[in-house]
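Structure first, then comments.
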Amino acid sequence: PVLCGWKGRILHDDSEYEKAIPFLMIAVRVPKPDPDVVYCAGTSLYYADRFAEALPYLGKTARDYPGDADIRFMKAYALFK
């Protein structure tokens, strides 16, 4: 899962969201996933227009980073899609 998290984060950072998703979905299955991996999972799903799937990850990220206005916007937008 750690290598999948790294690979997913690299793809996410390169805006290759669809390619990142399978790696990130493996990486978030561990008992305590890295908050940055959860962030990448949520935002990759969001940018891939998979809003319902993104919501749990965006919600966790919003709790982990309460001051992040972009995440709060993404979560709110995904709720209404």
Side-chain angles (χ1 to χ4, degrees):
V2 172
L3 293 178
C4 287
W6 289 343
K7 178 70 172 175
R9 287 168 66 174
I10 290 168
L11 290 166
H12 174 275
D13 291 347
D14 288 341
S15 300
E16 296 285 346
Y17 304 114
E18 287 286 351
K19 291 179 182 177
I21 291 168
F23 294 102
L24 295 167
M25 293 299 98
I26 292 169
V28 297
R29 289 186 188 143
V30 298
K32 290 186 177 183
D34 181 314
D36 290 334
V37 171
V38 176
Y39 165 83
C40 288
T43 55
S44 290
L45 289 162
Y46 176 89
Y47 288 126
D49 294 333
R50 294 166 61 175
F51 301 111
E53 294 171 78
L55 274 172
Y57 303 104
L58 293 174
K60 170 112 176 67
T61 300
R63 289 188 298 278
D64 289 341
Y65 302 102
D68 191 321
D70 291 335
I71 292 297
R72 290 196 326 260
F73 172 81
M74 286 183 205
K75 181 182 172 195
Y77 187 84
L79 279 168
F80 291 102
K81 285 308 272 180

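All values derive from a computational prediction rather than experimental measurement. What's counted below: heavy atoms across the whole structure, side chains too, no hydrogens, waters or symmetry copies.
In this view, R63 satisfies the side chain to side chain donor-acceptor pair (under 3.5 Å) rule with no residue, not counting sequence neighbours. With sequence neighbours left out, the side chain to side chain contact (heavy atoms under 4.5 Å, CB included) criterion links D49 to F51.
Atoms CD1 and CD1, on I21 and I26 in that order, are 12.5 Å from each other to the nearest 0.5 Å. To the nearest 0.5 Å, the span separating OG1 on T43 from OH on Y57 amounts to 12.5 Å.
Listed here is the closest heavy atom pair of Y46 and L58: CD1-CD1, 4.2 Å. Scanning all heavy atoms of the two residues, the minimum distance from A20 to G8 falls at CB-O, 3.4 Å. Across every non-hydrogen atom of Y39 and H12, the tightest pair is CE2-CE1, 4.0 Å. Between L11 and K19, the shortest heavy-atom distance links the atoms CD1-O, 3.5 Å. Between E53 and L45 the shortest heavy-atom distance is O-CD1, 3.6 Å. Across all non-hydrogen atoms, the minimal contact from S44 to L24 is OG-CD1, 3.6 Å.
Residues Y65 and P35 are in side-chain contact: their nearest non-hydrogen atoms beyond the backbone lie under 4.5 Å apart.
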For residues 70-81, which side-chain N or O atoms pair as donor and acceptor with protein atoms under 3.5 Å away, sequence neighbours left out?
residue, atom, partner, partner atom, Å
R72, NH1, P66, O, 3.2

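Between K7 and E16, no side-chain nitrogen of the basic residue sits less than 4.0 Å from a carboxylate oxygen of the acidic one, so the salt-bridge criterion is not met.
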